[in-house]
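Notes for the one structure printed next.
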Amino acid sequence: MRTKKLSLKVNGNLHELEVNITSTLAEVLREKLGLTGTKLMCNEGECGSCSVLIDGKPFLSCLTLALDCDCQEILTIEGLADPKTGALHPLQQAFVNKSGMQCGVCTPGMLLVAKALLDENPDPSESDVRKALSGNLCRCGNYQRIVECVLDAARVLRENPRV
Amino acid sequence: MDETKYLVPDSLKEALSLVGQLGGKARLIAGGTDAMVKMKKGTDLAEALVDLRNLRELDFVRVGQDGSLELGAAVSLREVERSVTVLDKWKVLALAAGQMASPTVRRRATIGGNICNAAPSADFVPPLMVLGAHLKLSSLDGERTIPLDEFFLGPGRTALGQNEILTSITVPPLTPRSGAAYLKQKRREGADIALAGVAACVQIAGHSAVPGEAPLIQEIRLALAAVGPVPLRARAAEGALRGTSASPDLLVRAGEIAAGECNPIDDVRASAWYRRRLIATLTARAVGQAIEDALTGRRP
């Protein structure tokens, strides 16, 4: 098995790793770094549960080779709350307030894809939200509330822009 | 996939040299949205993976001197979907790219990968076919250009030689009074594979471009997705429409002809019977929309 060195900044922390050349980012996050908030369900790019942000943009970590992310900045669900105060991100708070999650397996992916959407478009329509989340499956069928939560969080963020 | 050799060339020349040496033992991987899945399932075990991600020279969208669109093979579906150049003059390609997979997959998936994966359901292929696209295939021996129509040999099988890499796709400009459309039927609004898809490109006669009158179709190309072993041209339906006035009755008849010349299968997504009915309906609608595009597109 061939390995290679990889530098990865995850949620603000720099990691110097030695990874198998064919390891996916999802495997490295979960197995090497213990960040199991990133969920692996279908493992073939259908469900979106493994979505993470790479340099601020959403990618499927199950289809991304870890070595592809050398020197890039990864945000996983563990890094979404404020690192200093621990305060939940408005998206997380909206999911808590309105029960945006049921079983919770799709939630990390939903939240990160939604964050990337709100970073790019602070005032999305319901249709914009549905389109952005169209690659994220919720097997509980909680879509209606998830979309409402994202719209709620967008409103909160517009009223109280974070520094 | 642990024992597979993994190679990341830094230039096209280096990549061509690698595939030249490895011959059929190499698998090319670009965005990885198809190739990674096949590798994980063990259905596509190769001795060596050649990852094309560093070949920035294949990532371009530009207009050539003759007005043709030139797309590098490593351009992502998302880039096509959002490209101002594509949206301006080849809008059907942007719309087709935007209907594929999910936004997150489109960020990775490349157009070269979608073509070379040779899925019968590849959404990007039928619109390229009706626009008359050509592929540039490169090897250490040089380059050759082939019409997209001749590239597909069967599901997952193409005319790409073992020592070759698809480097770019050239799409001629739409002629005056031309229009195009791609219609895809899927099971849900979100990310899904086509049950069936129809692309149409028409050129109508200038003198018949009167509102309310059925325009005369001078030239037409139709291509069908997900209803045969490869993306198909519907040549009999084209023949029935070429040189005729596109009355609603005639469009319906052409749809039935297209349904008769495709060769769909039953699978988990839909029955062959249903796919034929979709082709009949989508063909009539796609030709209608392409004519609408020709009438409103204001191409010089």
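Hydrogens, waters and symmetry mates are skipped; everything else that's a heavy atom, side chains included, is used. Owing to the predicted nature of the structure, the values given are computational and were not obtained by experimental measurement.
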For chain B, which candidate among A:Pro58, A:Ala116, A:Cys62 shows the most heavy-atom pairs at distances under 4.5 Å? A:Pro58

Under a 4.5 Å heavy-atom cutoff, which of A:Leu137, A:Asp68, A:Val113 has the most pairs with chain B? A:Asp68

pair B:Arg53-A:Leu67: side-chain heavy atoms closer than 4.5 Å: yes

A:Thr22, A:Thr24, A:Asn43 screened by side-chain contact (heavy atoms from CB on, under 4.5 Å) with B:Met36, the one that passes: A:Thr24

Is a salt bridge present between A:Lys131 and B:Glu81, judged by a nitrogen-to-oxygen distance below 4.0 Å? no

Within this structure, what is the [atom1]-[atom2] distance for the pair [X] and [Y], rounded to the nearest 0.5 Å?
{"X": "A:Lys57", "Y": "B:Arg107", "atom1": "NZ", "atom2": "CZ", "result": "6.0 Å"}
{"X": "A:Ser134", "Y": "B:Arg106", "atom1": "OG", "atom2": "CZ", "result": "6.0 Å"}
{"X": "A:Phe59", "Y": "B:Arg108", "atom1": "CZ", "atom2": "CZ", "result": "4.5 Å"}
{"X": "B:Asp192", "Y": "A:Glu46", "atom1": "CG", "atom2": "CD", "result": "8.0 Å"}
{"X": "B:Thr104", "Y": "A:Leu63", "atom1": "OG1", "atom2": "CG", "result": "10.0 Å"}
{"X": "B:Tyr6", "Y": "A:Leu65", "atom1": "OH", "atom2": "CG", "result": "4.5 Å"}

Does any heavy atom of chain B fall under 4.5 Å from the side chain of [X], the backbone, both, or neither of them?
{"X": "A:Leu133", "answer": "neither"}
{"X": "A:Ala132", "answer": "backbone"}
{"X": "A:Leu117", "answer": "neither"}

Please give me the minimum heavy-atom distance between A:Gly135 and B:Pro103, naming the atom from each residue. N-CD, 4.2 Å

Closest non-hydrogen atoms of A:Leu60 and B:Val105, given as atom of the first, atom of the second and distance, are CD1-CG2, 3.5 Å

CZ of B:Arg285: more than 12 outside heavy atoms within 6.0 angstrom? no

Are there more than 12 heavy atoms of other residues, nucleotides or ligands under 6.0 Å from atom CZ of A:Arg158? yes

Under 4.5 Å to a heavy atom of chain A? For B:Asp51 that would be side chain

